[in-house]
There are 2 protein chains.
Amino acid sequence: MDLPSPDTRTRILDAAAALLRRHGPDKLTVLDVAKRLGMSHGNVYRHFPSKQALRAAVAEEWLSDVTAPLALIAAGEAAPPSRLREWLAALAVIKRRKVLEDPEMFAGFHRVASESPEVIAAHVAHLVDQIAAILAAGKADGTLPGVAAPQDDARAVLVATARFHHPDLVRDGGNAATAEAELSRITTLLLRGLGATAVA
Amino acid sequence: MDLPSPDTRTRILDAAAALLRRHGPDKLTVLDVAKRLGMSHGNVYRHFPSKQALRAAVAEEWLSDVTAPLALIAAGEAAPPSRLREWLAALAVIKRRKVLEDPEMFAGFHRVASESPEVIAAHVAHLVDQIAAILAAGKADGTLPGVAAPQDDARAVLVATARFHHPDLVRDGGNAATAEAELSRITTLLLRGLGATAVA
DNA sequence: GCGATGACATAAAACAGATATTGTCATTTC
DNA sequence: GAAATGACAATATCTGTTTTATGTCATCGC
């Protein structure tokens with residue numbers, strides 16, 4: 001996978017991420033990346049087959065910032081129904097915070113990510129797997145008896161809450177409290193749909 | 001509302017819609033609209049305060065093509081749960097068909113519509129009202145006992161199915177059969193969440 | 001030999017002058 | 001006198017040109 005020196009590869013990646021942060025996606029050139037590292041731009045192509053691949057790698061790293069904290073929740077001890085609720089709320093909060101903190105940077109990274117469908121697909125698959133794990137646990141311990149096929153139901157849950165995490169929709173998000181209440185309502189519907197009783 | 005002759009106003013609107021269809025949103029100029037009608041462009045401004053307003057009016061008309069058939073279903077005789085399912089499926093089919101028929105035209109009209117937030121808001125409110133009517137009926141006849149506040153629940157249902165009708169998401173829609181199955185699954189979850197029993 | 005270079009052809013983006021469009025209004029027409 | 005015109009300033013868009021970036025490769029140094 002990483003036949004060329006992984007060290008310089010990382011340095012290139014970090015430099016690219018820094019430039020993306022500073023100047024936005026349109027100004028990210030491999031010439032500048034090389035300049036910043038004091039190397040020839042031709043050499044960047046020894047480590048990444050194309051500018052596209054470099055951008056995809058940067059996006060991948062950025063997306064892992066989103067999934068990492070969620071993995072902790074998914075693997076947690078809480079009862080599956082409340083774990084799912086917590087997980088969905090956390091995903092929404094993370095996305096919302098990223099948008100509000102720096103909309104331009106969010107848009108920049110999102111644009112880069114959306115140019116690499118396979119990176120997006122992997123990210124989504126990752127999220128679906130985390131939900132599926134929660135649903136499977138709920139099916140096993142009887143707290144979510146309505147779960148039929150964890151993977152399919154997980155995808156359904158993720159899709160049904162797209163409004164709160166899909167980049168194109170989070171952008172024009174409106175009031176935070178309203179959005180939170182709306183997510184909570186949808187979560188409740190989904191949990192009851194999955195057979196949960198005594199939903200908070 | 002229509003102090004100026006409603007006849008010429010309509011002619012302008014139709015001409016604008018025709019040009020939008022033919023040449024796309026970027027090529028829609030009020031100069032061309034006027035030329036097509038054999039009038040001066042200045043006169044268009046007697047009937048529409050700005051190009052933006054003209055575009056909004058065109059978008060409004062276009063969106064009513066979506067809501068009209070749905071209104072029939074919402075006002076139908078079917079039992080509320082299956083009526084809701086039918087309504088959501090119909091909305092998805094309408095949107096999907098519009099995208100597939102002519103993606104460029106869809107994108108064009110969508111761009112025009114998205115430039116007029118108040119037109120969008122009215123459209124969404126219209127859809128929410130239709131769902132709310134179904135939910136209220138289900139609450140009344142006991143087939144959807146889980147309905148708490150019809151308006152809020154209606155909005156939740158619409159948001160949860162955004163994947164299947166929101167222009168930005170319908171666009172990259174993938175396989176039709178897969179999407180249909182996914183919508184059906186989400187619909188089932190929502191119906192059960194609203195208290196429906198014996199969901200098909 | 002491996003990592004790196006820099007010159008090169010090709011493709012994309014930035015620029016600036018020319019052209020077209022938006023929106024206003026005093027004037028015209030019927 | 002309401003509906004329409006056409007000339008107008010300000011703004012946006014197009015077009016052809018120059019500049020810059022991407023990606024390749026023969027060559028270099030260690």
Side-chain angles (χ1 to χ4, degrees), chain A residues 1-59 104 107-108 111-116 118-119, chain B residues 1-59 104 107-108 111-116 118-119:
Chain A
M1 249 327 159
D2 42 15
L3 296 169
S5 161
D7 189 34
T8 36
R9 190 183 187 278
T10 306
R11 289 202 311 139
I12 293 171
L13 210 65
D14 291 349
L19 287 176
L20 182 58
R21 252 174 250 280
R22 183 179 300 272
H23 301 297
D26 296 330
K27 287 292 186 181
L28 178 63
T29 72
V30 345
L31 218 62
D32 285 346
V33 171
K35 199 181 299 170
R36 173 178 249 259
L37 295 171
M39 63 172 63
S40 70
H41 83 275
N43 191 40
V44 172
Y45 286 91
R46 293 201 71 72
H47 298 273
F48 293 90
S50 69
K51 182 186 182 179
Q52 187 72 5
L54 173 56
R55 288 161 73 112
V58 171
E104 264 183 60
R111 265 227 354 240
V112 168
S114 63
E115 283 163 3
S116 310
E118 73 288 349
V119 170
Chain B
M1 250 330 156
D2 41 16
L3 296 171
S5 161
D7 189 33
T8 36
R9 191 184 187 278
T10 305
R11 289 201 311 138
I12 292 171
L13 210 64
D14 290 350
L19 287 176
L20 181 58
R21 251 174 250 282
R22 183 178 299 273
H23 301 297
D26 295 330
K27 288 292 184 182
L28 178 63
T29 72
V30 345
L31 217 62
D32 285 346
V33 171
K35 198 181 299 170
R36 172 177 249 259
L37 295 170
M39 64 172 63
S40 70
H41 84 275
N43 191 41
V44 171
Y45 284 91
R46 295 203 72 72
H47 298 273
F48 293 91
S50 69
K51 183 187 181 180
Q52 187 73 4
L54 173 56
R55 288 162 72 113
V58 171
E104 265 184 60
R111 263 224 0 234
V112 168
S114 63
E115 283 163 4
S116 309
E118 73 288 349
V119 170

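Atom NE2 of B:His47 is separated from atom P of D:dA2 by 14 Å (rounded to the nearest Å). D:dT13 atom C1' lies 15 Å from atom CG of B:Leu28, rounded to whole Å. Atom pair A:Lys27:NZ and C:dA13:P shows a separation of 11 Å (rounding to whole Å applied). For the pair A:Arg55 CZ and D:dT22 C1', the interatomic distance rounds to 12 Å; values are reported in whole Å. The nearest whole Å value for the distance from the CZ atom in B:Arg9 to the P atom in D:dA4 is 14 Å. Rounded to a whole Å, the CG atom of B:Asp7 is 19 Å from the P atom of D:dA2. Protein atom NZ of A:Lys51 is 12 Å distant from nucleotide atom C1' of C:dA11, rounded to whole Å. Taking atom CG on B:Asp26 and atom P on C:dT22, their separation rounds to 12 Å, with Å as the unit.
Looking only at side-chain heavy atoms (C-beta outward), B:Met39 and B:Arg46 stay at 4.5 Å or farther from each other. Between B:Arg111 and B:Arg55, some side-chain heavy-atom pair lies under the 4.5 Å cut-off. When side chains are defined from C-beta on, B:His47 does not count as touching B:Leu13, because their heavy atoms never get closer than 4.5 Å.
Of the residues near DNA chain D, A:Leu31 and A:Pro49, the one whose nearest nucleotide (by heavy atom distance) lies more toward the 5' end is A:Leu31.
Between the side chain of B:Gln52 and the backbone N or O of B:Glu115, at least one donor-acceptor pair lies under 3.5 Å. Remark: the backbone N or O of A:Arg22 is not paired with any side-chain donor or acceptor of A:Lys27 at under 3.5 angstrom.
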Under 3.5 Å, which N/O atoms of the protein pair with N/O atoms of nucleotides 5-7 of chain C?
{"unit_1": "C:dT5", "atom_1": "OP2", "unit_2": "A:Ser40", "atom_2": "N", "d": "2.9"}
{"unit_1": "C:dT5", "atom_1": "OP2", "unit_2": "A:Ser40", "atom_2": "OG", "d": "3.2"}

What protein N or O atoms touch nucleotides 15-18 of chain C N or O atoms at under 3.5 angstrom, if any, and at what distances?
none

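Which of C:dA14, D:dT22, C:dG23 sits closest to the side chain of B:Tyr45 comes down to C:dG23.
Rounding to the nearest 0.5 Å gives a distance of 9.5 Å between CG of B:Asn43 and CG of B:Leu37. Rounding to the nearest 0.5 angstrom, the gap separating the CZ atom in B:Arg36 from the CG atom in B:Leu19 is 5.0 Å.
Between A:Arg9 and A:Phe48, the shortest heavy-atom contact is NH2-CE2, 3.5 Å.
B:Asp32 and B:Thr29 form a side-chain donor-acceptor contact under 3.5 Å, judged by distance and modelled atom types alone.
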